[in-house]
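Below is one structure, written out as structure tokens; the observations come after it.
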Amino acid sequence: MVPSRLRSFSSRCGFLYYLSPVATHYSLLSLHRSSFSEPGNQILPPKTILGRFHSTSSSNRAKHPRSIFEQITNLDDALKLFDEMTHKQPLPSVLKFNRLLQAVTKMKHYSCSIELFKQMNLICVPVNAYTISIVIKCCCQMHRTSEGFAVLGYGFIRDILPNVCTFITLLNGLVLEDRILKAEKLLKKLIKEGLCKPNAIMYNTMIKGLCRFGNNDTAIALLKLMDGRGCKPDVVTYNTIIDSLCKDKMVDDALKLFNEMVFHKGILPDVVTYNSLIHGLCNLCRWDDVSNLLKEMEDQSISLDVRTYSILVDALCKEGKVEDANCIINLMIERGIDPNVVTYSSLIDGYCLRGEMSKANEVFNLMGSQGLVPDILTYNSLLNGYCKKLLIEEAMHLFNEITKKGMKPDVIAYSTMIQGLFRVGRGKVAYDLFHEMRTNKLMPNESTYTIVLKGLCNNKQVDEALSLFHLMGGNKLNSYIKVYTILIDGASRTGKLDVARVLFNDLNVKGLQPHVRTYNVMINGFCREGLVGEAKELFLKMEERGFLPNSVTYNVLLQGLLKNQQHDTIEMLLLEMEGKGFSVDATTVSLLLDHIKARSLDASLLKLIGKLVPKEGVDAL
DNA sequence: GTAGGGTTAG
């Protein structure tokens, strides 16, 4: 039985029970104790690299099983080695060149690999299908898959025939570039023309592409197809689709696929499978299901890894349960899993969301003391926390810290900072920062743009907002309805009703659909200028166009009518509100009461008004 | 004895 202490613990946070040290003592606690130490980095002494290359061969190899190529940790060493190799007589074999090329590629120096390949051709080092595949991969990783195809053609000329590996690399390149149609076409062509026999890796690559593109159904169809063609799907195949379904909130479909994989295909799930499912369930707040999966993992002795714990930490933090998140972190440490930057960043974010900045800072310092380098997301959480609390000096200090630490603020960092500055009324600094951001070649996104426009409007810089809008011209950012709503509101609040009207009419021309909020803002604009007739007209029109007025619409219109001494439709509107279950806000109520006092409205309305005031409002009356 | 996919967390 579960000890009662644990029960109360688990009732606070359902799935914690399955993580409690007592409950999981036998399986989980013992499993994580092994191997965290990474193999020591053996840095090469600055003597000739090729010399080592020859001397390591027999005697040292037993002690250092890693080859010279695997030991290369920086580009300089690699280039030096290449130079030495090219000056050898006779030239080392293509195999050795390939391994060097691979080492450079592993360090992500793709263009350098390509350069070396060119030199190999110049000095007539023989190249083979392996070389071609490595070089194609370099092109693809740089999102230059078309050049990868050119390399394929170059191979053809030299009688180097592509094989399934070559094509997988190219297919993956197309997927990386989101050229999904091209990828599908390639796969079909390969099968139809018998250019190679696709294997599971190739299907997995295509499936990954389809999932990236949001085409889960086709991905599942391909899963069935590969099986039918005698190509057995593996755990990666299923994991890819399961994760994609979870990200699309279709967790039940994911669970269905999970069952198919386990019970019909006999494929064992791994920690990746569970992580995806747990993540998906956390996003939907299905804690009982999360708990069940954790139990399943325990039963199958599948150890939770740093990601599993981080997913749980993040989920708890987003729920505001930072204390429970802390429990999870303590638990993982107890079990020998070190929290990493992501784990701590989630915790920091949790504290920031609750405005507990000193706690957030504590964690931030803790990270530093553990040698963990905070990344831009960590900084963004803190920036957000400070800005929300209007602690703008602290935020600004942190923002400058990002650059000092050798990082670059991203669009989110800038947007957060700009919003914070506007909120404390420092519009000039905010707008300067917006320009600085663009100078730094960062493109503002929809959020940045709306933050800036709103900030300018709220800081009495509507003209600036409008000129920015015009300056942006046909930019995609100018096609968001939110942008128009902000500007219409800003313009009409500063007496530029004509501008507001032009913007509103522009929507039609541009084929943009106004939101209810857009109508509200425009109606409010008309009322402000005493154009109650137009306000009423628009009120009716929005309904005709299928946009139902909401509570705000009614309140805005009522206030407009009252302020302009139009009393004939008040009662009708109030009755409509009652029918729709809307309520009157404080401003409307006080206006109504004023008019009743002044006898321009009948006191018999009081009963109806009483029904339209929210509960807490009635007490105030 | 050299190449390909590798899915999962903030």
Side-chain angles (χ1 to χ4, degrees), chain A residues 67 69-70 92-103 105-106 113 127-138 140-141 148 155 160 162-173 175-176 196 198-209 211-212 219 233-247 254 269-280 282-283 304-318 325 328 332 337 339-350 352-353 363 367 374-381 384 412:
Chain A
S67 80
F69 297 106
E70 284 162 335
S93 68
V94 61
L95 190 144
K96 283 169 184 157
F97 276 99
N98 285 347
R99 294 183 76 184
L100 175 67
L101 222 51
Q102 176 72 347
T105 306
K106 281 232 167 87
S113 280
V127 297
N128 61 15
Y130 292 78
T131 331
I132 296 287
S133 284
I134 297 168
V135 175
I136 291 178
K137 180 183 173 150
C138 291
C140 292
Q141 292 295 326
I160 301 164
N163 55 31
V164 66
C165 295
T166 331
F167 287 122
I168 287 168
T169 316
L170 284 164
L171 189 72
N172 193 45
V175 165
L176 286 177
C196 73
N199 58 18
I201 297 180
M202 189 171 255
Y203 282 113
N204 286 352
T205 308
M206 189 67 234
I207 285 173
K208 179 182 74 174
C211 288
R212 267 174 72 116
D234 57 17
V235 68
V236 175
T237 324
Y238 277 98
N239 284 352
T240 307
I241 304 178
I242 285 173
D243 185 65
S244 179
L245 288 168
C246 286
K247 291 222 162 73
D270 59 13
V271 65
V272 177
T273 327
Y274 280 105
N275 284 349
S276 291
L277 288 168
I278 290 172
H279 190 208
C282 282
N283 283 340
L304 281 68
D305 66 6
V306 64
R307 291 189 195 222
T308 328
Y309 289 108
S310 298
I311 290 165
L312 299 175
V313 166
D314 188 57
L316 288 168
C317 286
K318 290 212 165 77
I328 300 274
M332 67 190 281
I337 306 274
N340 62 19
V341 175
V342 178
T343 327
Y344 284 126
S345 282
S346 291
L347 188 64
I348 288 176
D349 199 53
C352 288
L353 290 176
V363 182
M367 279 175 76
D375 61 15
I376 190 68
L377 277 88
T378 323
Y379 281 101
N380 286 348
S381 289
N384 189 37
I412 297 177

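Chain A is the first sequence line, chain B the second, and so forth, proteins listed ahead of strands; every chain is numbered from 1. Being a predicted model, the structure only gives us computed values, none of them experimental.
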Between dG5(B), dA3(B), dG4(B), spot the one nearest the side chain of T166(A), thanks. dA3(B)

Which one, dT7(B), dA9(B), dG4(B), comes nearest to the side chain of R307(A)? dA9(B)

Among dG10(B), dA9(B), dG4(B), find the nucleotide with the atom closest to the side chain of T378(A). dG10(B)

Side-chain donor-acceptor contact under 3.5 Å, N384(A) with D349(A): no

Say whether T169(A) and N172(A), considering side chains only, have a donor N or O and an acceptor N or O under 3.5 Å apart. no

Nearest to the side chain of K137(A), which nucleotide is it out of dT8(B), dG4(B), dA9(B)? dG4(B)

Starting from the C-alpha separation in whole Å, work towards a yes-or-no answer on side-chain contact (heavy atoms from CB on, under 4.5 Å) for V272(A) and I242(A). CA-CA 10 Å; V272(A) 177; I242(A) 285 173; over 6 Å; no

So which nucleotide from dG10(B), dA9(B), dG5(B) ends up closest to the side chain of K318(A)? dG10(B)

For T105(A) and S113(A), does a side-chain donor sit closer than 3.5 Å to a side-chain acceptor? yes

Measure CD1/I337(A) against P/dA9(B) and give the value in whole Å, please. 17 Å

Minimum-distance nucleotide (side-chain atoms of N98(A) versus dT2(B), dG10(B), dT8(B)): dT2(B)

Picking from dT7(B), dG5(B), dG4(B), which would you name as closest to the side chain of V164(A)? dG4(B)

Provide, to the nearest angstrom, the distance between the CD1 atom belonging to I132(A) and the P atom belonging to dG4(B). 14 Å

Choosing from dG4(B), dT8(B), dG5(B), which nucleotide comes nearest the side chain of V272(A)? dT8(B)

Taking atom C1' of dG10(B) as reference, at what distance in whole Å does atom CG of N384(A) sit? 13 Å

Checking dG4(B), dG5(B), dG10(B) against the side chain of N199(A) (C-beta onward), the nearest is dG4(B)

What about N163(A), does its side chain sit under 3.5 Å from the base of dG4(B) through a donor-acceptor pair? no

Expressed in angstrom and rounded to an integer, what is the separation of D349(A) atom CG from dA9(B) atom C1'? 13 Å

Regarding dG10(B), can its base be found pairing with the side chain of S345(A) as donor and acceptor, where the two atoms are less than 3.5 Å apart? yes

Examine the base of dA9(B) for any acceptor or donor lying under 3.5 Å from a partner atom in the side chain of N340(A), and report the outcome as yes or no. yes

Please report the distance, rounded to the nearest Å, between CD1 in I311(A) and C1' in dT7(B). 13 Å

Could you tell me whether V341(A) contacts a base, only the sugar-phosphate backbone, or nothing, with contacts defined as non-hydrogen atoms closer than 4.0 Å? base

Polar pair under 3.5 Å, donor/acceptor by atom type, side chain D234(A), base dG5(B): yes

Expressed as a whole number of angstroms, how long is the span from N128(A):CG to dG4(B):P? 13 Å

Starting the side chain at C-beta, find the nucleotide from dG10(B), dG4(B), dT8(B) nearest to T169(A). dG4(B)

Send over the distance from K106(A) NZ to dA3(B) P, rounded to a whole Å. 6 Å

Rounded to whole angstrom units, what separation is found between the CD1 atom of I278(A) and the C1' atom of dG10(B)? 16 Å

Looking at residues at least two apart in the chain, or sitting in another chain, which of them share a ring pair (Phe, Tyr, Trp, His ring centres under 6.0 Å) with Y238(A)? none

